[in-house]
Amino acid sequence: MANTNLSFLSLFILLPIFFIIFLKLILRPRSVKIPINSRHVFITGGSSGIGLALARQAAAEGAHVTILARNLHNLEEAKTYIQRATGVDVDIVSADVCDFDAVKVAVESVDPIDVLVCNQGVFAAEEIVDQEMKVVKDMIDVNLIGCFNLVKAVLPRMKNRSDRKPVSIAFISSQAGQVGVYGYTAYSASKFGLRGLAEALQQEVIADDIHVSLIFPPDTDTPGLVKEKKRRPPLTSIIAASSGSMKVDEVAKKALNGIKSGSFFVSCNFEGFMLSIATVGLSPQRSCLVAFVEVISIGVLRIVGLCFQWIWYGRIEKWHAQKR
Ligand SMILES: NC(=O)C1=CN([C@@H]2O[C@H](COP(=O)(O)OP(=O)(O)OC[C@H]3O[C@@H](n4cnc5c(N)ncnc54)[C@H](OP(=O)(O)O)[C@@H]3O)[C@@H](O)[C@H]2O)C=CC1
Ligand SMILES: CCCCCCCCCCCCCCCC(=O)[C@@H](N)CO
C-alpha cells in the first residue's frame with residue numbers, strides 16, 4: 001500500500017514538478033514583463049476594429065498612445081471616441097504602411113516608441129481562381145510588407161533608446177495565420193509570413209531587450225469583418241466557425257495582456273489555445289507551465305487536428321457534390 005502511494009506520488013506529482021523545474025531552467029528567451037503605464041504605445045490600424053479597441057484600452061491603462069492609419073477623418077473620429085471613453089488624449093498620424101518613406105516620416109514625428117503594435121490589415125475571402133492579382137498583392141503588401149516597413153522604420157531608434165527598459169514589437173496575425181483556410185490563400189500566406197518574420201526578428205532583437213509577440217485572433221466583430229462577410233464563400237464561414245467568434249474588446253484585452261506578459265504566441269480563445277499548441281513548431285516559449293502543457297498534450301492535439309481536417313474536407317466534398 002505504502003509502495004503504491006509512493007509510486008503514485010512520484011509519477012503524478014514529483015515527476016511533473018521536476019520536469020517543470022527543468023523547463024524553467026532551459027526556456028529561452030526568459031520570461032519578461034512589459035509595462036505600458038506612462039509608456040508610448042504606437043498602434044497601426046488604430047482608427048477601427050481591433051486597433052481602436054487596443055488604443056482605448058492602452059490609454060485607459062495610462063499609456064501614451066499614438067494611432068496610425070491612412071484616413072485622417074477616421075483617425076480624428078477615433079481620437080474623439082477615445083477621449084470621450086477614457087478622458088485621455090491620443091495622438092494621430094496618417095500614413096500608408098505600404099509607403100516606407102511615409103512610415104519613416106510618421107514614426108520619426110512622434111516620441112520614441114516603447115510598444116509597436118502592427119495591427120493594420122486588409123482581408124478579402126475569395127477562391128484564388130477568381131481573386132484578382134491586385135487584391136492578392138494588396139493583402140501581401142499591407143499585411144506583410146507593411147509590417148517590414150514599420151519594423152525597419154522603428155528599430156533603429158528603438159535599439160538606441162536611452163531608457164533600457166524592455167520594449168515590445170507585436171504583430172496581429174490571425175488563426176488563419178496558423179492553419180490554411182479555404183478562401184484565404186493570399187490572406188493566410190500574408191499572416192503565415194508574419195510568423196517567419198516574428199520568429200527570426202525575436203532572435204535578432206533579444207540582445208536589445210526587445211520582445212516580440214504574435215497574436216492570433218479568431219473572427220472578431222469589427223467593421224472590417226462586416227465588410228468581408230458580404231462576399232465570403234460559404235466554405236470560408238463554415239471552416240472559420242470551427243473557432244468561436246469574439247467581441248473586439250475581448251480580443252484587444254487578450255492581445256494587450258499577451259504583450260504585457262511578453263508572450264511570443266498569444267491566443268485569444270480556447271480553440272486558439274489548442275491551435276497554438278498544435279502548430280507550435282520551434283517557436284519560443286517563455287512560460288514553463290505552458291511549455292509543460294505543450295509537451296504533454298501535443299500528441300493528442302495532433303489527433304484533434306486530424307479530426308478537424310476530416311470534418312473540413314467532408315464539408316468541402318459535400319459542397320462540391322451539391323454544386324454539380
Ligand atoms: N476582424 C477579424 O475577424 C480579424 C482580424 N484580424 C486582423 O486584425 C487586424 C485588424 O483587423 P480589423 O480590426 O478587423 O480591421 P478593420 O478593417 O476594422 O480596420 C483596419 C485598420 O487598418 C487600417 N489600414 C488598412 N490599410 C492600411 C494601410 N495601407 N496603411 C495604414 N493603415 C491601414 C485602417 O485604416 P485606413 O483604411 O484609414 O488606413 C483601419 O484603421 C488585421 O491585421 C486583421 O487581419 C485577425 C483575425 C480576425
Ligand atoms: C488542434 C485544434 C484545432 C482547434 C480549432 C481550429 C479552428 C481553426 C479556425 C480557423 C479560423 C480562421 C479565422 C480567421 C479570422 C480572420 O482573420 C478573418 N476574420 C479575417 O479578418
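Remember, it's a predicted structure, so these values are computed and weren't measured experimentally. Read the numbers this way: they start at 1 and go in the same order the structure lists the ligands and their atoms.
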Considering only heavy atoms of [X], which atoms of ligand 1 have at least one such atom less than 4.0 Å away?
X: Gly49; answer: 13 (O), 18 (O)
X: Asp96; answer: 28 (C), 29 (N), 30 (N)
X: Ile50; answer: 5 (C), 8 (O), 13 (O)
X: Gly224; answer: 16 (P), 17 (O), 18 (O)
X: Phe123; answer: 11 (O), 14 (O), 44 (C), 45 (O)
X: Pro218; answer: 3 (O), 47 (C), 48 (C)
X: Val142; answer: 26 (N), 29 (N)

Ligand 2 contact on [X] by region, counting heavy-atom pairs under 4.0 Å:
X: Glu228; answer: side chain
X: Arg232; answer: side chain
X: Leu225; answer: side chain

Whether [X] lies under 4.0 Å from ligand 1, heavy atom:
X: Gly146; result: no
X: Tyr187; result: yes
X: Asn119; result: yes
X: Gly177; result: no
X: Ser173; result: yes

Between [X] and [Y], do the side chains contain an N or O donor and an N or O acceptor separated by less than 3.5 Å?
X: Glu77; Y: Ser47; result: no
X: Ser261; Y: Ser263; result: yes
X: Asn269; Y: Gln175; result: yes
X: Gln120; Y: Thr44; result: yes

Would you check whether Lys229 reaches within less than 4.0 Å of ligand 2, judged by its heavy atoms? no

[X] atom [atom1], neighbour heavy-atom count above 12 within 6.0 Å:
X: Arg84; atom1: CZ; value: no
X: Arg30; atom1: CZ; value: no
X: Gln309; atom1: CD; value: yes
X: Arg315; atom1: CZ; value: no
X: Gln203; atom1: CD; value: no

Assign the ring pair Tyr182 / His320 to parallel, tilted or perpendicular, where the plane angle (0 to 90°) is split at 30° and 60°.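 It falls in the tilted class, 30° to 60°.
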
For [X], the ligand 2 atoms whose distance to one of its heavy atoms is below 4.0 Å:
X: Leu301; result: 1 (C)
X: Phe308; result: 3 (C), 4 (C), 5 (C)
X: Ala278; result: 1 (C)
X: Gly305; result: 1 (C)

As a check for students: among [options], identify the option with a heavy atom nearest to [atom].
atom: atom 7 (C) of ligand 2; options: Gly177, Ala125, Ser242, Ala176; value: Ser242
atom: atom 2 (C) of ligand 1; options: Thr220, Ile172, Ile43; value: Thr220
atom: atom 20 (C) of ligand 1; options: Ala69, Ser174, Gly121; value: Gly121

Using a plain distance cutoff, I'd like to know if Ser174 has any nitrogen or oxygen under 3.5 Å from a nitrogen or oxygen of ligand 2.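 Yes: some nitrogen or oxygen of Ser174 is under 3.5 Å from one in ligand 2.
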
Looking only at distance, does Tyr187 have an N or O less than 3.5 Å from an N or O of ligand 2?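 Yes.
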
Roughly how far apart are Arg157 CZ and Lys104 NZ, rounded to 0.5 Å? 10.0 Å

So is there a nitrogen or oxygen of Val97 less than 3.5 Å from a nitrogen or oxygen in ligand 1? yes

Mind checking whether Leu225 has an N or O less than 3.5 Å away from an N or O of ligand 1? no

Got the closest protein heavy atom to atom 14 (O) of ligand 1, with its distance? Thr222 OG1, 2.5 Å

Quick one: look up the protein heavy atom nearest atom 31 (C) of ligand 1 and list residue, atom name and how far away it is. Ala95 O, 3.5 Å

Taking NZ, NE, NH1 and NH2 as the nitrogens, is one of them in Arg56 or Asp249 under 4.0 Å from a carboxylate oxygen of the other? yes

Considering only NZ, NE, NH1 and NH2 on the basic side and carboxylate oxygens on the acidic side, decide whether Asp219 and Arg232 come within less than 4.0 Å.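 Salt bridge flag = yes for Arg232 with Asp219.
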
Report yes if some heavy atom in the side chain of Val266 is under 4.5 Å from a heavy atom in the side chain of Ile259; otherwise report no. no

Is the shortest heavy-atom distance from the side chain of Asn257 to the side chain of Lys254 under 4.5 Å? no

So if I apply the side-chain contact (heavy atoms from CB on, under 4.5 Å) rule between Phe42 and each of Val115, Ile67, Leu68, which one comes out positive?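 Testing each of Val115, Ile67, Leu68 against Phe42, the sole residue satisfying side-chain contact (heavy atoms from CB on, under 4.5 Å) is Leu68.
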
With heavy atoms only and a cut-off of under 4.0 Å, state how Ala176 meets ligand 1: side chain, backbone, both or neither.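 For Ala176, there is no contact with ligand 1 at all, from either part.
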
Location of contacts on Lys191 toward ligand 1, heavy atoms closer than 4.0 Å: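 For Lys191, the contact with ligand 1 is made by the side chain alone.
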
Sort out for me which residue in Asp114, Asp111, Asp91, Thr66 forms a side-chain hydrogen bond (donor to acceptor under 3.5 Å, both in side chains) with His40. Thr66

